[in-house]
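Numbers restart at 1 for each chain; the letters A, B, ... are given by sequence-line order, proteins then strands.
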Protein chains: 4
Amino acid sequence: MRRLPRQQRSRELVNRLIDATAAVITERGLDGTTTNHIAEKAGVSVGSLYQYFPDKEALLEALLERMGRDIGTKFRAWAEQFDVNRYPLRDVARTAVTVGLYMIRNDPLMRELVRNWNRVPTDRVLDQLEQVFLVIAQPYFLKNYRDYPVKNLEAKLYVVVNAAIFTTIRYLLQEPAPITEKDYIRAMTDMIVGLLDAPGARTPAPVSDPM
Amino acid sequence: MRRLPRQQRSRELVNRLIDATAAVITERGLDGTTTNHIAEKAGVSVGSLYQYFPDKEALLEALLERMGRDIGTKFRAWAEQFDVNRYPLRDVARTAVTVGLYMIRNDPLMRELVRNWNRVPTDRVLDQLEQVFLVIAQPYFLKNYRDYPVKNLEAKLYVVVNAAIFTTIRYLLQEPAPITEKDYIRAMTDMIVGLLDAPGARTPAPVSDPM
Amino acid sequence: MRRLPRQQRSRELVNRLIDATAAVITERGLDGTTTNHIAEKAGVSVGSLYQYFPDKEALLEALLERMGRDIGTKFRAWAEQFDVNRYPLRDVARTAVTVGLYMIRNDPLMRELVRNWNRVPTDRVLDQLEQVFLVIAQPYFLKNYRDYPVKNLEAKLYVVVNAAIFTTIRYLLQEPAPITEKDYIRAMTDMIVGLLDAPGARTPAPVSDPM
Amino acid sequence: MRRLPRQQRSRELVNRLIDATAAVITERGLDGTTTNHIAEKAGVSVGSLYQYFPDKEALLEALLERMGRDIGTKFRAWAEQFDVNRYPLRDVARTAVTVGLYMIRNDPLMRELVRNWNRVPTDRVLDQLEQVFLVIAQPYFLKNYRDYPVKNLEAKLYVVVNAAIFTTIRYLLQEPAPITEKDYIRAMTDMIVGLLDAPGARTPAPVSDPM
DNA sequence: CATGAATGAGTATTCATTCAT
DNA sequence: AATGAATGAATACTCATTCAT
C-alpha cells in the first residue's frame with residue numbers, strides 16, 4: 001500500500017504535464033507553446049518536466065498517444081453501444097462520419113492539432129483510428145457479407161478510413177466551407193458505401209441499396 | 001522603348017524570386033529556407049525581395065499558385081490529349097490516380113511541400129486541382145451520363161477529389177507503405193468509381209461495370 | 001563489533017565516490033561528468049554524495065589528490081628500485097621523462113585531466129610531483145655532486161620539474177606532433193642535464209663559461 | 001575613395017567586436033562572457049555579432065589571433081631594436097624571459113586567457129611565439145655559432161620555447177609564488193642557456209659528454 | 001528603385017544543489 | 001543517514017523584417 005506513492009506521484013505528474021500541454025496548445029496555439037509555459041501551467045519547474053520527458057516532442061507524442069487511446073475507446077464504446085452490426089452499412093458510415101466531424105469541430109485542441117497534423121506525431125492517433133475502424137469493420141463484414149466477401153478488404157479499408165479522416169480534416173480547415181455540412185456528410189457516406197458495398201465489390205451483388 | 005521595361009523587369013524579377021524560392025526549398029527543405037537565401041539565389045537583395053512580396057508567406061503563395069496553374073495546365077492537356085471522354089470512368093480514374101501518385105513521388109519540391117502541406121497555402125494548388133477535375137468531369141458526366149445524371153455531383157466531386165489527393169499524400173508520407181502501390185491504386189480507383197458510377201448514384205442504374 | 005563500521009563505511013563510500021568520479025570522467029569526458037552520473041555509478045544517491053563532499057569540485061580535488069599520491073608512490077618506488085643514485089644524471093632524466101610521457105599517454109583518465117588541466121585542481125598532483133622529484137633529486141645531488149654543489153638547487157629543480165611536466169603536456173596535446181617523440185625526449189633530457197649538470201652550474205667550474 | 005566604406009565599416013565593426021570580447025573577458029572572466037554581453041559592449045545587436053562571426057569560438061579565435069600578431073610584432077620589434085645578435089645568449093634569454101613574464105603579469109586579459117589556456121585556441125598565440133623565437137634564434141645561432149652549430153636545433157628550440165612559455169604560465173598562476181621572481185628568471189635563463197650553449201651541445205664538444 | 005547591414009525577441013535544454021520524507 | 005524529486009537560472013543562436021543610404 002505504500003508501494004505506489006512514488007509511481008503514483010510520477011504518473012500523476014506525467015498526466016499533469018500532458019494536461020498542461022493540451023491546455024497550453026489550446027490557449028496559445030502549437031507555435032506559441034513552449035516547454036516553460038507547459039511547466040508553469042503544470043505547476044512544476046522546467047527541470048521536472050525534463051525529468052519525465054526527454055524533450056518537447058516526447059510531450060507531444062504522449063499527448064497524441066493519449067488522445068489516440070481516448071478516441072479509440074470512445075469509438076469502440078460507440079460501436080458497441082450502437083450495436084453497429086445491426087444496422088446497414090450506410091447508417092453505420094453516416095453516423096461514424098457525423099460523429100467524427102463533430103468531434104473535431106467541437107474540440108479546439110483537436111482543431112489546432114489537426115491544423116498542424118504534419119508537424120505532430122499524428123500517427124499516434126491515426127494508427128489508433130485505423131485499427132478501431134478495422135476492428136469495427138471486420139466483424140461487420142464477416143457477419144453481414146459472409147456470403148459475399150468483399151474483395152481486397154484490407155486495402156479498401158485503408159483507403160476508405162484515411163480518405164474519411166483526411167477529407168474531413170480538409171473540409172473542416174477550409175474557410176468558408178465549399179459545400180454544406182449535410183452535403184458533405186451525404187457524399188462522404190456515399191463514397192464509403194460505394195467502395196465497400198458496390199455491386200462488383202462483392203462477388204455476386206446482392207440487393208441494391210434503397211437510398 | 002522604355003515603356004515596358006519596368007513592368008517587364010518587375011515580372012521577370014517576380015518570376016526569378018519564385019524560381020529561387022522553389023530552388024531553395026528543394027535544396028534546403030522548407031525549414032531551411034530563409035528570405036535571405038531566396039534573395040541571394042535570385043541574385044537580388046532582400047530589400048528588393050520585400051519590394052515585390054510583402055512577406056515570406058506571399059512568396060510561398062505565389063509559388064504554390066504557379067504550381068497550381070502548372071499542374072492544372074498539365075492535367076488539362078493530359079485530359080485533352082488522352083481524350084478522356086472516350087474512356088470508361090474506371091480507366092480515367094485509374095490513370096489520373098496513377099499520374100498524380102507519380103507526379104508527387106518524382107518531384108522533390110512537391111514532396112517537400114506535400115510533407116508540409118499544412119504550413120503552406122496548399123489551397124492555391126488544391127483549388128486548381130478541384131477546378132481541373134471539375135472541368136474535366138463535368139463534360140464527361142454530361143456526355144456519358146446524360147440520360148442518367150449523377151445526383152449531387154458538385155459535392156461528390158469535392159469529396160472525391162479531396163479524398164484522392166489527401167489520401168494519396170497520406171499514403172506517400174507513410175513509411176513503410178502499409179499496402180502495395182498496386183493495391184492502393186486499385187482501391188482508390190474503386191472508391192472513385194464506386195461513388196460516381198454506383199447503382200443508385202444515377203437515377204436508373206445502367207450496365208454494371210465489367211471491372 | 002559495530003565500532004568501526006561507521007567510519008569504515010564512510011571511508012569506503014568516499015573511495016567508491018572517487019572511483020566513480022574517475023570512471024565517469026574516463027567514460028564521458030570531464031564535460032560530460034555530472035554529480036548525478038557519479039552518484040549513480042557509485043550506487044548511491046546524489047544526496048549521499050553531498051553528505052560526503054561539499055560540492056563537485058571537492059570530488060575532483062579528492063580524485064586529483066589521490067592520483068597525486070599514487071603517482072608519487074609509483075615514482076618513489078621506481079626511484080628506489082631503479083637505484084637512481086647509481087646512474088649518471090642523463091640516464092635518470094631520460095628515463096624519468098620517458099616514463100612520464102608514456103604514463104600520461106597510456107592512461108585515458110590522465111589524458112582527459114591533462115587536457116583540462118586548468119579547470120581542475122592540478123596542483124594536487126603537481127605539488128606531489130615536485131616533491132617527489134625534489135626528494136629524489138636532493139640525495140642524488142648530495143651524493144653525486146657533494147664536492148661541487150649545484151647553485152640555487154631549489155629554484156632550478158622547480159623550474160626543471162615544471163618545465164618537464166608542462167612541456168610534455170603541451171607536446172602530448174599538440175596534433176599533429178611537431179617533432180618526433182625521440183627528438184622530444186632527447187631535447188628534454190638535454191635541457192634537464194644542461195641545467196643541472198652544466199659546467200658553471202657547480203661551484204668550481206671545470207671550464208669557465210665564456211659567456 | 002568611396003570604395004572602402006563598406007569594407008571599412010565591416011573591419012571597424014569586427015575590431016570593435018574583438019575589443020568588446022577582450023573587454024568583457026577582462027571584466028567578467030572567460031566563463032562569465034556571453035555573446036550578448038559582447039554585443040552589448042560593442043554597441044551592436046547580437047544579430048550583428050553573428051553576421052560577422054559564425055559563433056562564439058570564432059570570436060575567441062580572432063581575439064587570440066590578434067593577440068598573437070601583436071605579441072609577435074612586439075617581440076620582433078624588441079629583437080630588432082635590442083639588436084639581439086650583439087649580445088651573448090645569456091643576456092638575450094634573460095631579457096626575453098623577463099619581458100614575457102612582465103607582459104603576462106601586467107595584462108589582466110592575458111592572465112585570464114593564460115589561466116584558461118586549454119579552453120581557448122591558444123595555438124593562435126603559441127604558434128606565433130614559436131615562430132618569433134625561431135626567427136630570432138636562427139640567425140642568432142647562424143651568426144654566433146657558425147663554427148659550432150648546435151645539434152638538433154629545431155627540437156631544442158621547440159622544447160625550450162614551450163618550456164619557457166608554459167613554465168612561466170605555471171609560475172604566474174601559482175599562489176603564493178613558490179620561489180622569488182629573481183630566482184625564477186635566473187633558473188629559467190640557466191636552463192635556456194644550458195640547453196643551447198652547453199658544451200656538447202655544439203659539434204666539437206670541448207669535453208665529451210659522458211653519456 | 002536597390003541595397004544589405006542591423007535588429008532583437010524568442011526558446012529548448014542542462015545540471016549543481018537542496019530538502020522533505 | 002539516505003533518498004531522489006524538484007529546482008530554475010543561465011545561454012548560444014536564428015531569421016523575418018526594416019530603413020538609412
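Residue-level contact check: D:Y52 touches the backbone only, with heavy atoms under 4.0 Å from sugar-phosphate atoms and none from bases. D:L49 comes within 4.0 angstrom of no nucleic acid atom, judged by non-hydrogen atoms across all strands.
Nearest nucleotide to the C:Q51 side chain, out of E:dT3, F:dA6, F:dA2: F:dA2.
When rounded to the nearest whole Å, the span between CG of A:L59 and C1' of E:dT13 equals 13 Å. One can place CZ of A:R16 at 12 Å from C1' of F:dA5, the figure rounded to the nearest angstrom. Rounded to an integer number of Å, the gap from A:L13 CG to F:dG4 C1' is 14 Å. If you measure from atom CD of A:E40 to atom P of F:dA6, you get 18 Å, rounded to the nearest angstrom. In this structure, the CG atom of C:L60 is 10 Å from the P atom of E:dA16, given to the nearest Å.
By the 6.0 Å contact criterion, CD on B:Q174 is enclosed, its count of non-hydrogen atoms from other residues, nucleotides or ligands being greater than 12.
Counting heavy atoms from C-beta outward, B:M110 and B:M67 have side chains that approach closer than 4.5 Å. Put simply, the side chain of D:F53 does not reach to within 4.5 Å of the side chain of D:T35, judged on heavy atoms. Residues C:L59 and C:Y52 are not in side-chain contact: their nearest non-hydrogen atoms beyond the backbone lie 4.5 Å or more apart.
Distances shorter than 4.0 Å separate none of the side-chain N or O atoms of A:S45 from OP1 or OP2 on F:dG8.
For C:D70 and C:R124, the salt-bridge test fails: no basic side-chain N is under 4.0 Å from an acidic carboxylate O. Under the 4.0 Å criterion applied to side-chain N and carboxylate O atoms, C:D127 and D:R170 are assigned as salt-bridge partners. The residues A:R66 and A:D19 are annotated as salt-bridged, a charged nitrogen and a carboxylate oxygen being separated by less than 4.0 angstrom.
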Contact pattern, 5' to 3', of nucleotides 12-21 of chain F - B, S or - by protein heavy atom under 4.0 Å: BBBBBBB---
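Remark: side-chain polar atoms of A:D55 are paired, donor with acceptor, to backbone N or O of A:A58 under 3.5 angstrom. With D:T26 contributing its side chain and D:A22 its backbone, the two residues share a donor-acceptor pair below 3.5 Å. Looking at D:T122, its side chain does come within 3.5 Å of a backbone N or O of D:V120 through a donor-acceptor pair.
Of the residues in residues 19-30 of chain B, not one places a heavy atom less than 4.0 Å from an atom of DNA chain E.
Remark: the C:E112 side chain and the C:N116 side chain contain an N/O donor-acceptor pair separated by less than 3.5 Å.
With both ends at atom C1', the span from F:dT21 to E:dC1 equals 13 Å, rounded to whole Å.
Overall bending of the helix from E:dA2-F:dT21 to E:dT21-F:dA2, expressed as the angle between end axes built from five pairs apiece, is 10° (10° steps).
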